[in-house]
Amino acid sequence: MLTGHAILADCRAAGATAPGDIIIGGLFPIHGEVEVPADLSVPRPTQCVNFNKDGFIKALTMIHAVESVNKSPVLTELGISLGYQIYDSCSDVTTALRATAEFTGVTTVSEGGANASNCPLPIKAVIGASYSEVTIAVARHLNLQLIPQISYASTAIILSDKFRFPAFLRTVPSDLYQTQAMVQLLSNNDWTWVGVVTTDGDYGRSALDSFISHATASEICVAFKEILPDSLTSPNMISAIRQAAATIRNQTKVKVVVSFAKPTHMMYLYHELKGWGPGSELSERVWVASDNWSSSKDVLGNIDQLDISHVVGFTFRRGDLASFYSYLMSLSDRPDIEQNNSFLKEFYSLQNGSTGTAAENLKNSTNADQVLSVGMAVSAVAHAVADICSNRSCKTPGTLQPWKVLKALKGSAFEHNGKSYMFDMKGDINLGYDVTLWSAVRGVFHDHGVVAEYHTINDSFSYSSEETKKLLSDLMKLESKCSPACEPGKFKKTAEGQHTCCYECTNCTENHYSNNTDMDSCLSCDTEIEWSLAGSKMCTPKTLEFFSWQDGFAVVLLTLAAVGIILVLLVGALFQRHHQTPVVKAAGGPLSQLILLSLVGSFVSAVFFVGHASSLQCKVRQVLFGLSFTLCVSCILVKSLTILMAFQLNPDLKNVFHRFYQPYVFICFCLAIQVLICTLWLVLASPRERTTVLLTTLLAECDEGSYVAFGMMLGYIAILAIVCFVCAFKGRKLPQKYNEAMFITFGMLLYFISWVIFVPIYVTTSGKYLPAVEMVIILMSNYGILSCHFFPKCYIILLKKEHNTESAFMKNVYEYSSKGIIDSSHVCGSSVSQTVEKCTSYPYSISSPSCFMSLPPIEPAAPQNGWTLGQDIQCINKSTQPRVFFTGQLNQTYHVKRSMSL
C-alpha cells in the first residue's frame with residue numbers, strides 16, 4: 001500500500017491545475033484518511049495520510065479527459081478551452097468542505113485562527129466527489145450558488161432528490177438499482193441467508209436500507225448487519241473489524257456476505273480473517289462487492305495465502321482504455337504536467353523516482369469503469385459550455401454563470417467516445433452494471449473480468465459468454481440458507497419471532513399439497529374431485545367408482561343372470577312343447593308361462609344394477625324388479641289359493657269362492673297395487689343418479705329417492721309371499737304328484753331367508769358393491785323359484801316320463817283319496833266297506849293351486865275291493881246304500897261328498 005503526506009495551507013493550493021477560459025473543479029480521494037491533531041481547541045491544518053492510488057488514477061482520468069475535450073471540435077470550433085483545479089478530499093468530509101470553500105471563494109482559516117486572504121476561483125462546475133457522504137456535504141454547499149456538481153462514483157439514493165440537491169448530477173446509477181441487482185443475483189442463486197457489512201455513513205446507511213428493502217420483498221433474510229465506522233481513524237475501528245470478523249466466522253450457515261464497505265475497510269477485514277483461511281469454512285463463502293470496492297484490487301493488500309473463494313462485484317459500465325493507457329505511458333515525457341501536479345510528484349516519490357515502473361503500476365491498477373464515468377462527466381460539462389458559448393463570448397470574465405451551465409447540463413444530450421448520453425429527471429445516467437468475478441485458487445486470485453451485464457430496465461442479467469455463464473453457475477452449488485430447502489410435499493413453518501428464512505419443514509396435511517420447494521403454505525386440493533395424502537407433492541384426481549362391467553364379481557353375477565334367463569327360456573319352451581301333459585297342467589298350465597315371463601323380467605332387472613348408473617337406469621332397475629317379482633308371487637299366490645279352495649275350505653264357502661274367484665283378475669289386482677306404489681315413488685321421490693364424494697374416490701351410485709317407498713315396494717312383495725307361504729303350508733300333505741304346496745313352501749322360504757339377509761346387509765353396506773348385494777338377493781330369489789317350481793317338473797318331463805301320464809296321475813289321486821276316505825271312517829261311524837250313513841263332507845286337497853288337469857271320461861270298470869271307477873270316481877258298498885263318490889272332472893275342484901241313492 002502506497003503511503004504519503006500532504007499539508008493544507010491557509011489558502012489551500014490545488015493539487016493539480018491547468019489554465020483555461022472556463023475553470024472546473026475536481027474532488028478526488030488522493031489520500032485515504034486524515035490525521036486529526038490531538039488538541040482541537042483551535043482550528044489547525046489537517047494531515048492527509050495513506051496515498052490512495054485509485055483516487056489518484058481518477059484524478060489523472062479527469063486531467064486526460066479535459067485535455068481530450070480541449071482538442072475536440074466541441075471546443076476548438078468556439079476557440080475556448082477548459083482549465084481545472086483538482087483538490088484532495090482525503091476521503092474526509094471536513095477536508096472536502098475546505099476544498100469546496102476554495103471553489104466558491106469562501107475565506108479559509110489560518111493556523112492561528114485569523115482570517116486569511118480570499119482565494120476566489122472562477123469555478124463553473126465541480127467533478128466529484130467519490131464517496132457519497134463526502135458528496136452530500138459538498139452538494140449542500142454548492143447548492144448555495146447552484147454550481148453544478150457531477151459525481152463519477154457517488155451512488156447514494158438520497159442524491160436523486162432534486163428538491164434537496166438541485167445542482168447535483170452523476171454519471172453512474174443510483175444505489176437503488178445496485179441493491180436491486182444484488183438481490184436479483186441472490187435470488188437467482190437461491191441465497192436467502194446472507195450477511196451485510198457496511199460503513200456508518202450516508203452511503204453505507206442508504207445502501208443498507210435499500211438492500212434490506214429489496215431483500216425482504218424477495219424473501220431474502222439478513223442474518224447479521226456489521227456496521228463499521230466510516231472514518232478509518234475512529235477509535236472503534238479495530239474493535240468493529242474484530243467484531244465483524246467474529247460474526248462472519250460464527251455464522252456458519254451464512255455463505256454469502258454482501259459488502260458496501262470502502263476498500264480500506266475490506267482490506268482490514270480480510271487481514272483479520274487471514275487466520276481462518278485455507279481449509280476453513282471461510283473459504284466456502286462468496287463475497288458480493290458493491291461498486292465501492294469491487295474494482296479495487298488493493299483490498300487484498302499483502303495477503304497471498306488467504307483463500308476467500310469468490311468475489312462477485314458490481315461495477316459501473318466500462319469504457320475504452322486505449323487512449324488513457326497512452327496518456328499514462330506519456331506522463332514521464334511531460335514535465336509540465338508534473339510541475340502543476342503535486343499528486344503526481346508524490347506518487348513518483350513513492351515509486352523511488354522510477355517513472356517507467358510508476359506508469360506500468362498505474363496502468364495495471366486502472367479500472368475501466370472509472371475512466372468512463374469521469375470522462376463522461378468532463379464531456380457533459382464541455383458540451384454544456386459549448387451550448388452556452390455558441391451564442392455568446394465566454395472569454396470575458398463573468399459572462400458564464402454556474403447556474404447557466406447547470407441548466408444546459410439538464411436540458412441537452414452530450415456525446416462521449418461516439419455515444420450519446422443524457423441525464424434523466426433525477427440527474428442520473430443509468431447504464432446498468434457490469435458484473436465482475438474474482439476467484440481464488442490456492443490463495444492466488446484470478447480476475448475473470450466482466451462475466452455478465454445487469455440491465456436495470458428489465459432487471460435481468462446477460463452473460464458475456466458461455467464460459468462466464470458457467471463460472472457464475474458454479475456458484476449456485478453453494479448453499480446459503482438458514483434452513484434446508486423444504487421439498488415439495490412440505491411447507492415452511494416459522495416460529496414466532498424468528499426470521500422468515502429460519503423455519504421447520506412440515507408435511508402438508510391430508511388433502512393439501514406443495515409442488516415447489518420452500519413454499520410458505522400448502523395449497524388445498526379441490527376435495528370434490530381431488531385428494532392427497534399427508535406430505536403430497538400434488539393432488540390425485542379422485543377415481544370414479546361404480547360396480548363396473550369389468551369387475552370380476554359383476555361378471556359372475558351377470559353370468560348367473562344370463563344363465564338364469566337362458567334357463568327360463570328353455571323351461572318355457574319345454575313347458576310349451578308339453579303343455580298337454582299332466583305335469584305341465586299340474587304346474588299351472590298358462591300360469592306357469594306367466595311366472596316364467598316374470599322371472600325373465602326379474603333376471604333382466606339384475607343387469608341394470610351393473611355399470612355407471614344414469615337416473616333412468618336407477619328408476620328402471622327397481623321398478624322392473626318390483627313389478628316382475630310382484631307378478632311372479634301373485635301367480636304363485638293364485639296357485640296357493642286354489643289349493644286352499646280345493647280341499648281346505650268349507651263346502652259352503654267354497655261355492656261362494658267359486659262364483660267370485662277369477663285368477664287373472666286377482667293377479668291383475670295384486671299387480672295394480674304395486675304399480676300404484678311404484679308410480680307414486682317415481683312421481684314424488686324418484687330414484688336418481690348421485691355422485692358421493694368419498695375420501696379418495698367418487699362413488700357413482702343410485703339415490704333411491706325415498707327409502708319409505710323402496711320399503712313399501714319390498715314390503716308389499718313380502719306380504720304377498722307370506723300369504724302364499726301360509727296357503728301353501730296348509731296343503732303340504734297333498735298327493736305327491738299334485739303337491740305344488742310343498743314346492744311353494746320351499747320357494748317362499750328361500751325368498752324370506754334371502755330378503756331377511758338382505759335388509760341388514762343393505763343397511764350396513766356402502767360403496768360400489770352395494771348394488772351387488774341387491775343383485776345377489778334378486779338372483780337367489782329367482783333361482784329359488786326356478787328350482788322349486790320348475791326344475792322338478794322338468795325332471796319328470798325329461799327323465800321320468802312314465803309319471804307324466806293320465807293313468808299315473810289318476811292312480812295317485814285314487815290312492816290318496818282311498819287313504820283319505822279310510823282315514824275319515826271315524827267321522828262316518830264305520831269303515832269304508834260298511835254302509836256309509838251320515839257321512840259328512842271332508843275336504844281334501846288334490847292338486848296345487850294351478851291343478852287344471854282335464855282327463856277324458858273313463859269307462860266304468862268292475863268293482864275292485866268294493867270300489868267302482870268311472871267318470872265319477874265312486875265309493876259303493878254292496879248293499880247299494882248311500883254311496884260316497886268324487887264328482888267332477890280332474891280339471892275341476894274335487895271333494896268327497898255323500899249321495900243318498902245311486
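Start at 1 with the first residue, then count along the sequence. Below, each value reflects all heavy atoms present in this structure, side chains not excepted, and no hydrogens, waters or symmetry copies. None of these values were measured; they are calculated from a predicted model.
Proximity of a side-chain donor or acceptor of Ser154 to a complementary backbone N or O of Ala129 within less than 3.5 Å is detected. The backbone N or O of Thr252 lies less than 3.5 Å from a partner atom in the side chain of Lys255, making a donor-acceptor pair. The backbone N or O of His512 lies less than 3.5 Å from no partner atom in the side chain of Ser524, so there is not a single donor-acceptor pair. Side-chain atoms of Asn52 come within 3.5 Å of backbone atoms of Pro29 as a donor-acceptor pair (strictly under, hydrogens ignored). With hydrogens and angles disregarded, no donor-acceptor distance shorter than 3.5 Å links the side chain of Ser210 to the backbone of Ser206. Under the 3.5 Å distance criterion, the side-chain polar atoms of Lys493 are left unmatched by any main-chain donor or acceptor of Glu504. Although no hydrogens or angles enter the test, the distance criterion places a donor-acceptor pair under 3.5 Å between the side chain of Thr171 and the main chain of Ser373. No donor-acceptor distance shorter than 3.5 angstrom exists from the side chain of Ser91 to the backbone of Glu33, with no hydrogens or angles considered. Looking only at distances, no side-chain donor or acceptor of Ser160 sits under 3.5 Å from a matching main-chain atom of Lys426. Between the Thr179 side chain and the Leu176 main chain, a donor and an acceptor come within less than 3.5 Å of each other.
Contact check for Ile227 versus Leu208: side-chain heavy atoms found under the 4.5 Å cut-off. Considering only heavy atoms from C-beta on, Val93 stays 4.5 Å or farther from Tyr131 through its side chain. Contact annotation: the side chain of Glu487 never approaches that of Cys505 to less than 4.5 Å [non-hydrogen atoms, C-beta and beyond]. In this structure, Phe314 and Asp291 have side chains that are not in contact, with every pair of non-hydrogen atoms separated by 4.5 Å or more. Two residues are said to be in side-chain contact when any heavy atoms from C-beta on lie closer than 4.5 Å; Ile248 and Arg285 meet this criterion. Using a 4.5 Å cut-off on side-chain heavy atoms (C-beta onward), Pro166 and Leu146 make contact. Residues Ser365 and Ile57 are in side-chain contact: their nearest non-hydrogen atoms beyond the backbone lie under 4.5 Å apart. Residues Ile158 and Asp202 are not in side-chain contact: their nearest non-hydrogen atoms beyond the backbone lie 4.5 Å or more apart.
Between Glu479 atom CD and Thr192 atom OG1 the span is 8.0 Å, to the nearest 0.5 Å. Taking CG of Leu159 as the reference point, atom CD1 of Ile136 lies at 4.5 Å (rounded to 0.5 Å). Here the CD atom belonging to Glu530 is positioned 11.0 Å from the OG atom belonging to Ser536, to the nearest 0.5 angstrom. Atom CD of Glu510 is separated from atom SG of Cys522 by 12.5 Å, given to the nearest 0.5 angstrom. Summarising the geometry, atom CG belonging to Leu695 is positioned 7.5 Å from atom CH2 belonging to Trp531; distances are rounded to the nearest 0.5 Å. Rounding to the nearest 0.5 angstrom, the gap separating the CG atom in Leu228 from the CG atom in Leu269 is 7.0 Å.
Residue Leu544 qualifies as enclosed at atom CG: its count of foreign heavy atoms under 6.0 Å is above 12. More than 12 heavy-atom neighbours from other residues, nucleotides or ligands sit within 6.0 angstrom of CE on Met422. The local environment of NZ in Lys162 is crowded, with over 12 non-hydrogen atoms from other residues, nucleotides or ligands closer than 6.0 Å. Counted within 6.0 Å of NZ on Lys410, heavy atoms from surrounding residues, nucleotides or ligands total more than 12; the atom is thus considered enclosed.
With no hydrogens or angles considered, a side-chain donor-acceptor pair links Thr456 and Asn430 at under 3.5 Å. At a cut-off of 3.5 Å, with distance as the only test, no side-chain donor of Tyr454 or Asp434 sits close to an acceptor on the other residue. For the residue pair Gln243 / Ser239, no side-chain donor-acceptor distance below 3.5 Å is found, with atom types taken as modelled. Checking Ser290 against Tyr203 by side-chain atom types alone, a donor-acceptor pair falls below 3.5 Å.
The shortest heavy-atom contact between Thr198 and Arg205 is OG1-N, 4.5 Å. Leu185 and Val312 get closest at one heavy-atom pair: CD2-CG1, 3.7 Å. Closest heavy-atom contact between Trp193 and Cys501: CE3-CB, 4.0 Å. The heavy-atom pair separating Thr436 from Arg318 by the smallest distance is CG2-NH2, 3.3 Å. Contact between Phe260 and Val258 at its shortest, heavy atoms only, is CE1-CG1, 3.8 Å. Contact between His499 and Thr494 at its shortest, heavy atoms only, is O-CG2, 3.3 Å.
Listed by first and then second residue, the salt bridge (charged side-chain N to carboxylate O under 4.0 Å, His left out) pairs that reach into residues 164-180 are Asp161-Arg164, Arg170-Asp428, sequence neighbours excluded.
Stacking of Lys58 on the aromatic ring of Tyr152 is not recorded, the 6.0 Å distance cut-off and the 45° axial limit not both being met.
The SG atoms of Cys502 and Cys482 lie less than 2.5 Å from each other.
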Determine, stepwise, if the pair Leu27 / Gln149 fulfils side chain to side chain contact (heavy atoms under 4.5 Å, CB included). CA-CA 10 Å; Leu27 268 177; Gln149 177 189 7; 5.8 Å; no
Taking it one step at a time, do Val311 and Trp287 satisfy side chain to side chain contact (heavy atoms under 4.5 Å, CB included)? CA-CA 5 Å; Val311 176; Trp287 298 79; 4.1 Å; yes
Residues Tyr421, Leu431; criterion side chain to side chain contact (heavy atoms under 4.5 Å, CB included); working and verdict: CA-CA 10 Å; Tyr421 303 94; Leu431 300 180; 4.0 Å; yes
List the steps and the verdict of side chain to side chain contact (heavy atoms under 4.5 Å, CB included) for Leu478 and Val256. CA-CA 9 Å; Leu478 181 143; Val256 177; 4.1 Å; yes
Working note: Phe51 + Phe56, criterion ring pair (Phe, Tyr, Trp, His ring centres under 6.0 Å); need CA distance, chi angles, decisive distance, verdict. CA-CA 8 Å; Phe51 190 88; Phe56 175 59; 5.5 Å; yes
